[in-house]
Each structure stands twice: as C-alpha cells, then as structure tokens.
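One structure, pasted below without further comment.
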Amino acid sequence: MIPAMIPVNEPLIGEKEIDYVMECLKTGWISSSGRFIEEFEEKWASYCGMRHGIAVSNGTAALQVALGTLNLKPGDEVIMPTFTIISCALAVIYNGAKPVLVDSEPRTWTMDVNKIEEKITKRTKAIMPVHIYGHPCEMQPIWDLAGKYNLKIIEDAAEAHGAEYRIPPPLMAGAKASPERSRRGEGEWRKCGALGDLSCFSFYANKIITTGEGGMVLTDNEEYAERARSLRNLCFKRERRFFHTELGNNFRLTNLQAAIGLAQIERIDELVIKKRWIGESYTERLKDIPGLTLPVEEPWARNVYWMYGVIVDESTGLDAETFARKLREEGVETRPFFLGMHEQPVFHEMGLFKGECHLVAERIAKQGFYLPSGLTLKETEIDQVCDAVRKIYKDI
Ligand SMILES: Cc1ncc(COP(=O)(O)O)c(C=O)c1O
C-alpha cells in the first residue's frame, strides 16, 4: 500500500486570515482599494526595514515593475544568477534588456560573487542577487561592485522572507571593505529585502508569508516608489485619468489578498521560527549521511530554510530524479531544483546563452531537490522523511 504523501508544502491559514477576508467581503472592498492594501504595504516595508512597499499581483510582476523603474534601454545588461526561476530572466527581457548569467557558489547555491566583475561591461546597468531557498547572497562584494561601476541592485527576496545578512561594520578611514570581519561575527544584521535599491517578494502559496498569489516591491527611494505604483496600474496619469504617456500593466493586488497577507505578517516571527526549526531538525537528523550535501548557514547569514534543499552525490549512482522517485514510493513528495537559465531551450531559440557552461548550477540542477518544508510540517513527519532518506542510502 502506498503511504499517505507528506506534501512538499502546505500553507498555514489561521482564523485571523479568515476574519480579515470576511471583513472585505462584508464591506465590499474586494478589489485593489481598501484598508488592507495600504496596511499590508506599510507593515511589510517596515518589517523589512524599507520605506515604501508597492503590492503587486505576484513575484514575477514585482521583478518586472522593479526593473521597469530603471528605464532600461535595448542592449542594456542585467547580471543575474543562472540558477533561479525564469521570472528573473523574463523581467529583464520584458524590459528590453539582456540577462547576463553568473554561476552559483557551491555552498549556498546563490550567485557566485567572485564571478560577477568579469561579466561587467559598459552596458551593465544592474545586478540582481537572488537569495536562494532562504539563504542570503553575500552582499558586501555586490555593494562594492555596484559602487565601483555605478550599478543598481535589484534584490530578489521571494524566497527569503525574514532572512538576514550581517553587514560588515563601518570601515575605518582608508580600510578596504572586509567581508572577513562580517564572517568573524562583527556587524549589524539587516533583513533580506533591505539590501538593494529595490527588492522584490513573492507571496505565492508556498512562500513563508502568502496571499495566495501576490508580490511586493520595496524601496527607500521616493521616485522609484512613485514610478512602481504607476507601472503596476497601467501608467494612469494623475492629472488626467485615461491619458497615457507610456505603457504599464495591470499588476494590482486585491484587498482580499492583502487581508490574508496582513494576518500573516502579524505572526511572521512565529513562521520564521518554525521554518528555522524545520531546517535545523532536518540537519540534525541527516548530517551524518555521507554523500548527501545539506544547506548551510554562513556566519554572516541567517537562513530561513524556505525550502530544505539537498544534493545527492554522484558516487551514489543516483541523480535527483531517481532519488525523488524512490522517496515518492516512501510517501515523501519532493521538488526538483531549478534548471539554470542557460539550459532552457526557450532562450536558446531566442539566441540567448548558447554554448554557456556553468558547472556548479548544472550539477546542482541534476543532483538537487528539496524535501517537504511547509509550515504545517510535524516532527513525526520530519522523522518519516529522514527515515525514508536513510533507507534509500542503505539500499544503495
Ligand atoms: C526566486 C524567485 N523569484 C521570483 C519568483 C516569482 O514569484 P511568483 O511565482 O509569485 O510570480 C519566485 C517564485 O517562486 C522565486 O522563487
């Protein structure tokens, strides 16, 4: 008999979410105006430590709007990791620019910051770090490059609600920037989403905070915020409605969705603690299996383990797909890792990334997958998942 499946994710919806949604229904504020939109924007921006929040219909739209504020021109380039969701590359392309790819760093699976500078050209306008599976990118080297070459930073924090990066302490006059000092434990913590010129979030049902579908752009810059609001709302002109000088989109979030989001933010600390507990519980149980690479938490990072990813070593003779099939037979649902942008046929057909080779991303795409990581996960289920993983390793 096939055991009941442990799902990879299930959203955690409470009474407050239901109450707030009922308020929208009862008062008729069901579209994109209403008290929850503004409160949701304010509370999320303030939780992350940014001044402005612009709620949009999903994380892909957030990326598109954030890049839209930069007024990119054809031929402009945006540096981003190959190992991410297609939304990042789409947002660059839909803004008329060209994505330029960087391989992953093997420990955190985020963009390898040592490989960015070689990709910078005269056309480079921005860098897009993506905090993968809840672990922040190392930001100081990115800030240094952005300063040196006058580039904007668009942060993709879709998977990193509540994650934090430790900023190296203020430098002494004339001293060189030192990520080392941050690694040693000095410096101030700052939330992901407050580490760039603009940042983007997704609130899809598998995210730590969810609105069903939803997203947000955060920024400290008043002009970017104003432009982002216009881009999400068909670029209506303030002075005269239905008069347009440029093209926008309808990327509005509804008050109904924001109502769910607000209820979720009100217990964000509890949700982040639960995610970290899931991550630490898996690590504790799986850490002694040779040939299984687990997520890390760098000393300068606070990982929220949005999804608990693992990498199966090639020496097992198994790849992620085979391993996942075996786990399914044991009642454990998994999801494969991203497939790098340079391996996507749709981009090859467009003449992009042909012949590119990013070895780390290629390996983790083939050997990596994530285990059930939802907020409803129980300790007994974590035990079951880990027993199933061990059983497969024993049978190899
Ligand atoms: C890193 C990253 N960026 C962007 C997105 C896009 O978000 P959405 O699915 O809300 O469009 C996702 C979605 O999962 C994501 O993981």
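Read the numbers this way: they start at 1 and go in the same order the structure lists the ligands and their atoms.
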Checklist entry - Is Lys207 close to ligand 1, meaning an N/O of one under 3.5 Å from an N/O of the other? => result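 Yes; at least one N/O pair falls below 3.5 Å.
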Next on the checklist: Do Trp29 and Phe40 sit in one hydrophobic cluster, given that two such residues count as connected whenever their side-chain heavy atoms are within less than 4.5 Å of each other, even indirectly?
Outcome noted: no
Item to check | Joint cluster assignment, Leu375 & Tyr133, ILVMFWY side-chain distance < 4.5 Å | outcome: yes
Item to check | Shared hydrophobic cluster for Val92 and Leu151 (ILVMFWY, side-chain gaps under 4.5 Å) | outcome: no
Checklist entry - Does His131 come within less than 4.0 angstrom of ligand 1, counting non-hydrogen atoms of the residue? => result no
Next on the checklist: So is Ser87 touching ligand 1 or not, going by heavy atoms under 4.0 Å?
Outcome noted: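 Distance cut 4.0 Å: Ser87 passes for ligand 1.
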Item to check | For atom 9 (O) of ligand 1, closest protein heavy-atom neighbour | outcome: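 Looking at atom 9 (O) of ligand 1, the protein heavy atom closest to it is Ser202 OG, 4.1 Å.
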Checklist entry - Among side-chain atoms of Thr316 and Asp313, is any donor-acceptor pair under 3.5 angstrom? => result no
Item to check | Distance from atom 8 (P) of ligand 1 to nearest protein heavy atom, with residue and atom | outcome: Gly59 N, 3.4 Å
Next on the checklist: Closer than 4.0 Å to some heavy atom of Val130 - which atoms of ligand 1 meet that?
Outcome noted: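 Counting from 1, the qualifying ligand atoms are 1 (C).
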Checklist entry - Does a donor on one side chain and an acceptor on the other come within less than 3.5 Å for Gln257 and Glu213? => result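 Note: Gln257 and Glu213 side chains miss the donor-acceptor criterion.
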Next on the checklist: I need the contact type for Asn58 against ligand 1. Using non-hydrogen atoms and a strict under-4.0 Å cut-off, is it side chain, backbone, both or neither?
Outcome noted: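 The answer is both, backbone and side chain.
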Checklist entry - Among protein heavy atoms, which lies nearest atom 5 (C) of ligand 1, and at what distance? => result Ile85 CG2, 3.7 Å
Checklist entry - Under a 4.0 Å N-O cut-off, is there an ion pair linking Arg229 with Glu226? => result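 Salt bridge: yes.
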Checklist entry - Is it true that the NZ or CZ of Arg35 lies under 6.0 Å from the centre of Tyr20's six-membered ring and within 45 degrees of the ring axis? => result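 Pair Arg35/Tyr20 counts as cation-pi.
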Checklist entry - Which residue holds the protein heavy atom closest to atom 11 (O) of ligand 1, what is that atom called, and what is the gap in Å? => result Thr60 OG1, 2.5 Å
Checklist entry - Purely on distance, is any nitrogen or oxygen of Asp156 under 3.5 Å from one on ligand 1? => result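 It does: an N or O of Asp156 is found under 3.5 Å from an N or O of ligand 1.
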Checklist entry - When the ring planes of Tyr165 and Trp143 are compared, do they come out parallel, tilted or perpendicular, using 30° and 60° as the limits? => result perpendicular
Next on the checklist: How far is atom 16 (O) of ligand 1 from the closest protein heavy atom, and which atom is that?
Outcome noted: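 Protein heavy atom with the smallest distance to atom 16 (O) of ligand 1: Glu159 OE2, 2.5 Å.
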